[in-house]
Amino acid sequence: MKTPSDIEGAGRGEPHRLGSMQTVDFPMTRYNESEEIDYVIVGVGAAGGVLLQRLSRAGFKVIGFEAGPFWDTERDWVSDETGSHKLYWEDLRITGGKNPLTFGANNSGRGVGGGTVHWAAFTPRFHPSDFEVYTRDGVGADWPISYSDLKPYYELMEMELPVAGPAWYPWGHPHGYAFAPHPTGGVGNTLVKGCTKLGIGVSVGGPVAILSGSRGKRPHCIYRGFCLQGCKVGAKASTLVTHVPDAIANGAEIRDLCMVSRIQYDRRTNRVLGIHYIDRDGRTRFQKAKAVIVSGYAIETPRLLLNSACDGQENGLANSSGTVGKYLMAQAGNVILGRFDELVRMYKAPPAHVLTEEFYETDARRDFARGFAIQTVGPLPVAFAKQMMAAAGAWGWGLRRVMMDYNHWSAFGLLGEILPSADNRVTLSEERDQYGLRVPHVNFDLHDNDKKLIEFGKKKVEDVMRAAGAKEIVQESRFAHLVGAARMGRDPGASVVDGFCRSHDIPNLFVCDGSVLPTQGSANPGLTIQALAARTADYLISQGTRIFSSDRREMIAPPVGKKFVPPDTFLGGAPRAR
Ligand SMILES: Cc1cc2nc3c(=O)[nH]c(=O)nc-3n(C[C@H](O)[C@H](O)[C@H](O)COP(=O)(O)OP(=O)(O)OC[C@H]3O[C@@H](n4cnc5c(N)ncnc54)[C@H](O)[C@@H]3O)c2cc1C
Ligand code: SF4
């Protein structure tokens, strides 16, 4: 019998500390490489973490392969902006097009927990309209599933993370949150003030996946503002602290620092057989599996499918439609910064805590389809300095003066829906990375509707900033939240996976992460990605072992698997005043 000190998560023979009060004190299962396990999951991020937890709790043999490390939050994380770069996926990517995307800190994570380690944890649901954009507006695409299919999983995730928010949230499908909202910080106060002056409805204190009261072993938020640096105390939800401990307790293995390089396909049986990976010592190895789920995010997922091209799948795996890599999306993420005479101190409080979705839906009075949200951003000093360099050309003594003035500035984010377009695309470049793998080339262009939406949205956010009392306003154009590039759909000729994330082409290959989203709304995508993962897991569990060998595609919604949730899901949180 192993003891806690035998746990090898990062191969260091120590227990993993996940925040000040938690330890993963279960021995981790180690599967033999020659053993054919049930599921390999590529990437233990937002979706991968939830899948790993559900499938292991249901009794499947499952291994999560993760390119980055298994973080020990006590030792590896620091409350320091520049010291946190190791949380990001900084590998070489080629970016191009008329509006090239920036990667690194702004877009993806690396390590157990994936992007949820450094997300801000805003967790609004998508609106019912997001699932039928084409039907309603004649643009974008419809999803193969509807809001009502995801609703029970939104409800579960809001308890599992859990999400703190107002008792009544009026937008989309109106609902309330069981966990009390957070108090507002300076940046939140300015957004509330601006919206209120203009008669714009505003949600205060959430929805955000940050504990407003201690729950189980996790302490409540202490409002120190380092959410994007990983939240050392564990108040912010990441799958590292919410789902991975239960996965390990239920027999899942995580092989960290292991980069999956190729999925092995067998033309004769039209099935995948397992994955090739490069381990922490640089050796190439193979793991057999009955099924493979790719959860590597919007760039790495299509890259892996394309890099796995082989005899019988010459254009890349699951790519008979030619859509792998296409319809990549980012949200417009312009940051509008305003200077106030009074002190704002935007570092105090989580950056994510106040927002409005008043402009989310298509409005016939505007000359574009779909809409946007306005959210608090609250950059720490280094991020603020970069924003002021981009937004106001601050440099040298001018930048020093701006930095001395940091406590007087507030920052709001526009979060605008950019429509899917086939030319916004991930392909493979001829360049190779440190593993010898072809690196992704990403093309990104804004189209007419996107440009009109961004112009309108920027002006609206500036109006709100002015109404709040800002005397000087500048803005930085940027993008946030990559999704798409392996989209789900009913038509195998125009999508990669079906409504249960099963690839149309190969019955035992699944893709489940942000890359399957056909459209993205103007809500942050993390909650939807995790809800989709929970629904996919329920589907796989309900199919049992026949999914490994059968080609039959049963499109029947599974029962909602409440019994597979982590054990502290229905524990209480901060008391709410009645
Ligand atoms: C600064 C920032 C703030 C954000 N704030 C929010 C927010 O407030 N709310 C919100 O909803 N979203 C937010 N997001 C976005 C959110 O983090 C992502 O949408 C989400 O994490 C994506 O989930 P995923 O499962 O698709 O991928 P990820 O969570 O990125 O997980 C993918 C994992 O796969 C691993 N991986 C990839 N390829 C391989 C491979 N070949 N082999 C092995 N491992 C591999 C990666 O290392 C990674 O750990 C933010 C993102 C950033 C950058
Ligand atoms: S503000 Fe709260 S959630 Fe964010 S890092 Fe600090 S304790 Fe964690």
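Just so you know, residue 1 is the first one in the sequence shown, and it goes up from there.
Between the side chain of E554 and the main chain of I556, no donor-acceptor pair closer than 3.5 Å is present. A donor-acceptor pair is defined here as one N or O able to donate and one able to accept, closer than 3.5 Å; such a pair exists between the side chain of N508 and the backbone of V272. A side-chain donor-acceptor contact under 3.5 Å links N319 to the backbone of V324. Side chain of K232 to main chain of T73: a donor-acceptor pair is present (N/O by atom type, distance under 3.5 Å, no hydrogens or angles). Proximity of a side-chain donor or acceptor of R215 to a complementary backbone N or O of T569 within less than 3.5 Å is detected. Listed for the T376 side chain is a donor-acceptor partner under 3.5 Å among the backbone atoms of H353. R478 contributes a side-chain N or O that, together with a main-chain N or O of G333, makes up a donor-acceptor pair within less than 3.5 Å. Remark: the backbone N or O of A298 is not paired with any side-chain donor or acceptor of T301 at under 3.5 angstrom. Judged purely by atom type and a 3.5 angstrom limit, S495 uses its side chain to pair as donor or acceptor with the backbone of D491. Checking side-chain atoms of T356 against main-chain N and O of E358 turns up a donor-acceptor pair under 3.5 Å.
Shortest non-hydrogen contact noted between W77 and C231 is CZ3-O, 3.8 Å. Between Y153 and G561, the shortest heavy-atom distance links the atoms OH-N, 4.5 Å. Considering all non-hydrogen atoms of both residues, V426 and L306 come closest at O-CD1, 3.7 Å. The minimum heavy-atom distance between I145 and R535, with the atom names listed, is CG2-NH1, 3.6 Å. Between P566 and H243, the closest heavy-atom pair is CG-CD2, 3.8 Å. Across all their heavy atoms, M259 and A67 have their closest contact at SD-CB, 3.8 Å.
Under the rule for a side-chain hydrogen bond (donor to acceptor under 3.5 Å, both in side chains), the partners of D149 that lie at least two apart in sequence or sit in another chain are S146. Taking D246 as the reference, Q53, R57, N250 meet the side-chain hydrogen bond (donor to acceptor under 3.5 Å, both in side chains) condition, with sequence neighbours excluded. Residues passing the salt bridge (Lys or Arg N to Asp or Glu O under 4.0 Å) test with R502: none are found, sequence neighbours excluded. For D142, there are no salt bridge (Lys or Arg N to Asp or Glu O under 4.0 Å) partners two or more places apart in sequence or in a different chain. Residues meeting the salt bridge (Lys or Arg N to Asp or Glu O under 4.0 Å) test with E253, sequence neighbours left out: R30, R255. Every residue meeting the side-chain contact (heavy atoms from CB on, under 4.5 Å) condition with P351, not counting sequence neighbours, appears here in chain and number order: C227, L228. Remark: V377 engages P379, A411 in a side-chain contact (heavy atoms from CB on, under 4.5 Å) (not counting sequence neighbours). Shown here are the side-chain hydrogen bond (donor to acceptor under 3.5 Å, both in side chains) partners of Y134, two or more places apart in sequence or in another chain: there are none.
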Q331 and N524: CA distance, side-chain angles, deciding distance, side-chain hydrogen bond (donor to acceptor under 3.5 Å, both in side chains) verdict: CA-CA 9 Å; Q331 283 164 325; N524 319 57; 6.0 Å; no
Stepwise, does the salt bridge (Lys or Arg N to Asp or Glu O under 4.0 Å) test hold for R93 with E300? CA-CA 10 Å; R93 285 163 170 175; E300 293 305 315; 3.3 Å; yes
side-chain hydrogen bond (donor to acceptor under 3.5 Å, both in side chains) evaluation trace for E357 with Y169: CA-CA 10 Å; E357 292 189 349; Y169 191 75; 3.1 Å; yes
Determine whether D498 and R553 satisfy the following criterion, salt bridge (Lys or Arg N to Asp or Glu O under 4.0 Å), listing intermediate values before the conclusion. CA-CA 9 Å; D498 66 22; R553 201 169 284 267; 2.7 Å; yes
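Remark: aromatic rings of F479 and H481 are distant, center separation not under 6.0 Å. Separation of the F510 and Y539 ring centroids does not fall under the 6.0 Å cut-off. Aromatic ring centres of Y147 and H127: separated by at least 6.0 Å.
Contact check for L540 versus I293: side-chain heavy atoms found under the 4.5 Å cut-off. S108 has its side chain out of reach of F103: every pair of non-hydrogen atoms, C-beta onward, lies at least 4.5 Å apart. Annotation: side chain of I374 is in contact with side chain of F359 (closest heavy-atom distance under 4.5 Å). Annotation: side chain of L101 is in contact with side chain of L328 (closest heavy-atom distance under 4.5 Å). Looking only at side-chain heavy atoms (C-beta outward), L527 and L161 come within less than 4.5 Å of each other.
At a threshold of 4.0 Å, the pair E361-R370 counts as salt-bridged, since one of the basic side-chain nitrogens sits closer than that to a carboxylate oxygen. With respect to D38 and K61, no salt bridge is recorded, no charged nitrogen being found less than 4.0 Å from a carboxylate O. Look at K217 and D568 and you find no salt bridge, because none of the NZ, NE, NH1 or NH2 atoms lies under 4.0 Å from a carboxylate O.
A donor-acceptor contact under 3.5 angstrom links the side chains of W143 and T519, judged on distance only. For the residue pair S79 / R224, a side-chain donor-acceptor distance below 3.5 Å is found, with atom types taken as modelled. For the residue pair D505 / S503, no side-chain donor-acceptor distance below 3.5 Å is found, with atom types taken as modelled.
The CE atom of M28 sits 5.0 Å away from atom CD1 of I248, with the distance rounded to the nearest 0.5 Å. If you take CD1 on I254 and CD1 on I63, they are separated by 11.0 Å, rounding to the nearest 0.5 Å. Note: D76 CG to S84 OG = 11.0 Å, rounded to the nearest 0.5 Å. Remark: F126 CZ to L517 CG distance equals 5.0 Å, nearest 0.5 Å. Taking CD1 from I263 and CD1 from I275, the interatomic distance works out to 8.5 Å, rounded to the nearest 0.5 Å. Here the CG-CD distance, from D130 to E417, works out to 6.0 Å after rounding to the nearest 0.5 Å.
Residue pairs meeting the salt bridge (Lys or Arg N to Asp or Glu O under 4.0 Å) criterion with at least one partner in residues 155-172, sequence neighbours excluded, are R54-E160, R125-E158, K151-E155. For residues 221-240, every residue pair satisfying the ring-ring contact (aromatic ring centres under 6.0 Å, His included) rule, not counting sequence neighbours, is listed here: H182-Y223. Among residues at least two apart or in separate chains, there is no salt bridge (Lys or Arg N to Asp or Glu O under 4.0 Å) pair with a member in residues 514-528. Sorted by first then second residue, the salt bridge (Lys or Arg N to Asp or Glu O under 4.0 Å) pairs that include residues 521-532, not counting sequence neighbours, number zero.
Just one of Y31, Y39, F564 meets the ring pair (Phe, Tyr, Trp, His ring centres under 6.0 Å) condition when paired with F60; it is Y39.
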